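The structure appears below as structure tokens.
Letters A, B, ... are given to chains in the order of the sequence lines, protein chains preceding strands, and every chain is numbered from 1. Owing to the predicted nature of the structure, the values given are computational and were not obtained by experimental measurement.
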Protein chains: 2
Amino acid sequence: MTLEPALAELAHRLGPRFSRTGATLAQYSQSETHISGGTPDAVVFPHTADEVSMIARMCARNGVPMVGWGTGTSLEGHALALKGGVMVDFSQMNKMLAVYPEDMLCVVQPGITREALNEELRATGLFFPVDPGANASLGGMAATRASGTTAVRYGTMRDNVLGLEVVLADGRVIRTGTSAPKSSAGYDLTALFVGSEGTLGLTTELTLRLHGQPEAVSAAVCAFPSIADAVDCVIATIQTGIPMARIEFLDATTVAACNAFAGTTLSLDPQLMVEFHGSPAGVQEQTDRFAEIAAEMGCTGFDWAQVTEDRTRLWQMRYNAYPAILALRPGATALVTDVCVPISRLAEAVEETRADIEASPLMGPILGHVGDGNFHAILLVDRNDAAEMAAARALSGRMVERALELGGTISGEHGIGCGKLGYMAAEHGAAWDVMGQIKHALDPAGLMNPGKMVRQP
Amino acid sequence: MTLEPALAELAHRLGPRFSRTGATLAQYSQSETHISGGTPDAVVFPHTADEVSMIARMCARNGVPMVGWGTGTSLEGHALALKGGVMVDFSQMNKMLAVYPEDMLCVVQPGITREALNEELRATGLFFPVDPGANASLGGMAATRASGTTAVRYGTMRDNVLGLEVVLADGRVIRTGTSAPKSSAGYDLTALFVGSEGTLGLTTELTLRLHGQPEAVSAAVCAFPSIADAVDCVIATIQTGIPMARIEFLDATTVAACNAFAGTTLSLDPQLMVEFHGSPAGVQEQTDRFAEIAAEMGCTGFDWAQVTEDRTRLWQMRYNAYPAILALRPGATALVTDVCVPISRLAEAVEETRADIEASPLMGPILGHVGDGNFHAILLVDRNDAAEMAAARALSGRMVERALELGGTISGEHGIGCGKLGYMAAEHGAAWDVMGQIKHALDPAGLMNPGKMVRQP
């Protein structure tokens, strides 16, 4: 690595959009979670794909690592510069470039955030549905194959990115996908880059699928005697073909945290929060049918939120579940777990996780996007207490092992980063080697986000 | 290539499931269309992934090409053994291995056909929706990223294959995906192999997403004064969020062919055939709203097919469009084109194609899956008439160029095979090189379905 010549040239070319001050570098050495490691040697703020290509060529020529940065909200240390190098911050490439209402598409730069995007779309009657909670950048959401509460209806980033412009490790700029709704022409490079966590290239443009803002919306929250009853209700609802827009699970501990934080008075039982989108008549029919199924599954309390204010309050409570849980133990750090299992195995996965947490010294509310089989335990730890950290890591590891035993995956939506690299072999076996071969073919020097996703060379 | 030792060993190991008789080899040298070239040196009928792995190892060791064969119904010469070698026929790996109704999944071998699969699923209340017309094998449908009439509602093979077992060029057996509904763990190898046309590996098992059989179904056919009016109706319907299960376009020439073949009396106008799935009330609402939109767009004739018999007759007519079109010119061969454009550009793409065909010496009805922007002109040619073949190829080439100019793709659903290899550079530019790099990483000797998909080495 011949770092200094590369940095000098980048400083020269980018002027004020190049920084290597200590304060800046320290800022980009943080992750959203307890995961840490690595400091970049410089941070750059490109404005165009050509500039990103120039940066990549400069890094490639000098053997300097390059790491993409969106909003820094990823949860597995994805954006840590484990081997130093150049941090490519996309916050100044944050424009909506075009909207095509008839095709229900838009083209954006990677730095635009989810909330900014939907603000720009508001007048079009369209919206971008993927909602991971954090106000993440679209480039980052694509990189981690993010999803969230609405994936049960609208899909994940896999389903909602139609095409990409990507700068490769050697500086080549490629385009994947087209603006047609489907294609059978060639390897699905869009799908390959979505979820690749910046290890194959840096995204400089995204073509996104949009959806019509629903004409009518209704929401409800309902309590169940047990986790299994709540999950059975989810399974029955999905099998009936009711197109739920969201179906979220909160265990009793999460409900208690939300009540305390938001002043709500939900019963301290496992709860489902659901939302339906459609025409007024369609939403009415969906809600009626869901209420019937919930009653059959032993639902013990049922509250509709038909008017906007009630619905906003309900989902605000859900959005605030994370700070609400953190408030259960002031000063604590959260270790946020993330697994996904076949829905038929969801009840046992959640119940056994609940039992594991009860048997541990830690507090750990559980919530999840149960329509997808995806759930999180939020483990509250004192990050300076080695025993607690070890207990939390053991719980997380046990969740991952159980997910694999049940036919599931080590990550439903948070991705691998460096936090879950150690589990990749267990999930993928020989297929992990294939990922390594693809990585090596496109980035033989291992400069794109090194230390992530693939086996270390 | 040391062919004879490899074949002798395969003959020894597979016994009667190995053949190199002239009649058999001739049978596997045909494609469904005018595209031809190459004869395999032997055909094998494996029963297990282990046998496929053994075959691949034997071929790899001896430098022998290997080509997968499902039902031979692909339309771009995908399964032609252009460089000879071993044809791997999956017709004896045609079992449904498991159904998981609660997870709405099943696991199948690659040789099972679409119709056999749905026959096996009938009692479960679930079905597999992807319907390319032909009774293709699921392995072949995955290889070509097939779709068809229902993709507008249920997606293509990209959306409905959750995981794969694949034998690689060196005989390694890998598994991609899990049984969880989503995952953020690693490169999306499932999506990479779906649509790779047997050039990266041979699929030996598929995990498929299933859908609930609709409680109620309605269908209709409606006539429009112009192609543009019909397409505007499609755009408005999609934007309204009406979840159509099918929306098919037939131009006036196609309608005439269907009338003549099926004895129907549809008016000789551009027609849309639509189908709605849902609850009885939901279907009623969808059909009413669609009828309103169609009326606004100038629909001049509207026939509901509410009862099953009428609906069956309607869709039977659509299924028979291909033989009906062939019957327009007895003895002719069809050159079936396939492009896909953004829906906003669909009317001009179809109208300009219509005009090109009128200006040519050929007959060429147009029909398509317009909800996806995907359409086909069926060019009727005497394959022994060089001038006609040249005219047909020129028309197909012009369609492809226009699709690219309009932001679309050279193939909506039929794939590349050898028929469209010459257009890959135009669609993908430098991204085609990336496909070649991936191919080279996984199959350095180029033994998997050589002559397809990537640039020739």
Side-chain angles (χ1 to χ4, degrees), chain A residues 100 102-103 144-145 147 151 156 158 172 174-176 178-189 191-192 194-196 212 235 239 241 279 281-282 285 340-344 372-374 407-416 424 427-431 434-435 437-438 440-442 453, chain B residues 100 102-103 144-145 147 151 156 158 172 174-176 178-189 191-192 194-196 212 235 239 241 279 281-282 285 340-344 372-374 407-416 424 427-431 434-435 437-438 440-442 453:
Chain A
Y100 302 99
E102 289 200 325
D103 295 314
T144 54
R145 205 183 294 128
S147 47
T156 73
R158 181 191 200 270
R172 275 180 297 165
I174 63 165
R175 287 189 164 272
T176 74
T178 72
S179 296
K182 68 182 185 185
S183 172
S184 283
Y187 302 159
D188 190 344
L189 297 183
L192 180 65
V194 169
S196 67
I235 293 173
Q239 286 194 322
S279 67
E285 189 192 16
C340 188
V341 297
I343 295 177
S344 65
D372 299 320
N374 184 201
T409 174
I410 61 175
S411 173
E413 57 181 5
H414 294 171
I416 301 305
M424 284 291 278
E427 174 161 335
H428 297 290
V434 171
M435 296 181 201
Q437 288 178 277
I438 293 169
H440 186 74
L442 298 183
M453 188 61 85
Chain B
Y100 301 100
E102 289 199 324
D103 295 313
T144 54
R145 204 182 296 127
S147 47
T156 72
R158 180 190 200 271
R172 274 180 297 166
I174 63 166
R175 287 190 164 272
T176 74
T178 72
S179 297
K182 67 182 187 185
S183 171
S184 283
Y187 301 160
D188 190 344
L189 297 183
L192 181 64
V194 170
S196 66
I235 293 174
Q239 286 194 324
S279 66
E285 189 192 16
C340 189
V341 298
I343 296 179
S344 66
D372 298 320
N374 184 200
T409 174
I410 62 175
S411 173
E413 57 181 7
H414 294 170
I416 301 304
M424 285 290 279
E427 175 161 335
H428 297 290
V434 172
M435 296 182 201
Q437 289 177 277
I438 293 168
H440 187 74
L442 298 183
M453 189 61 85

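- Only the side chain of A/E427 comes within less than 4.5 Å of a heavy atom in chain B; its backbone stays farther off.
- Taking the side chain as every heavy atom from C-beta outward, A/I235 and B/D103 never approach each other to under 4.5 Å.
- For chain B, the nearby part of A/H414 is the backbone; its heavy atoms alone come within less than 4.5 Å.
- Partners of A/D188 under the salt bridge (Lys or Arg N to Asp or Glu O under 4.0 Å) rule, at least two apart in sequence or in another chain, are B/R158.
- Once rounded to the nearest 0.5 Å, the distance linking CZ of A/R145 with OH of B/Y187 reads 11.0 Å.
- Residue contact with chain A, scored on non-hydrogen atoms closer than 4.5 Å, involves the backbone and the side chain of B/S183 alike.
- Annotation for A/P181 and B/V341: closest pair CD-O, 3.5 Å, computed over non-hydrogen atoms.
- A pairwise comparison of heavy atoms in B/G186 and A/M453 identifies CA-SD, 3.4 Å as the closest pair.
- Residue with the most contacts toward chain A among B/E413, B/M435, B/M424: B/M435 (heavy-atom pairs, distance under 4.5 Å).
- In terms of heavy atoms, B/T178 sits closest to A/G408 at CG2-O, 3.4 Å.
- A/S184 has its side chain out of reach of B/T144: every pair of non-hydrogen atoms, C-beta onward, lies at least 4.5 Å apart.
- The heavy-atom pair separating B/A180 from A/C340 by the smallest distance is CB-O, 3.5 Å.
- Among the candidates A/A191, A/A441, A/S411, the residue making the largest number of heavy-atom pairs closer than 4.5 Å to chain B is A/S411.
- B/K182 pairs with exactly one of A/T409, A/T156, A/D372 by the side-chain hydrogen bond (donor to acceptor under 3.5 Å, both in side chains) rule, that one being A/D372.
- For B/Q437, the side chain to side chain contact (heavy atoms under 4.5 Å, CB included) partners are A/R172, A/L442, B/V434, not counting sequence neighbours.
- Between chain A and the residues B/A281, B/G212, B/A151, the largest count of heavy-atom pairs under 4.5 Å involves B/A281.
- Of the listed residues (A/H440, A/H428, A/R175), the greatest number of heavy-atom pairs within a distance under 4.5 Å of chain B belongs to A/H428.
- Residue contact with chain A, scored on non-hydrogen atoms closer than 4.5 Å, involves the side chain of B/E285 exclusively.
- Both the backbone and the side chain of A/I343 come within contact range of chain B, each with at least one heavy atom under 4.5 Å from a heavy atom of that chain.
- For A/S196, the parts sitting under 4.5 Å from any heavy atom of chain B are the backbone and the side chain alike.
- For chain B, the nearby parts of A/I416 are the backbone and the side chain; heavy atoms of each come within less than 4.5 Å.
- Chain A forms the most heavy-atom pairs under 4.5 Å with one residue out of B/G429, B/G415, B/G373, and that residue is B/G415.
- Taking B/S147, B/G407, B/A185 one by one and counting their heavy-atom pairs under 4.5 Å with chain A, the maximum is reached by B/A185.
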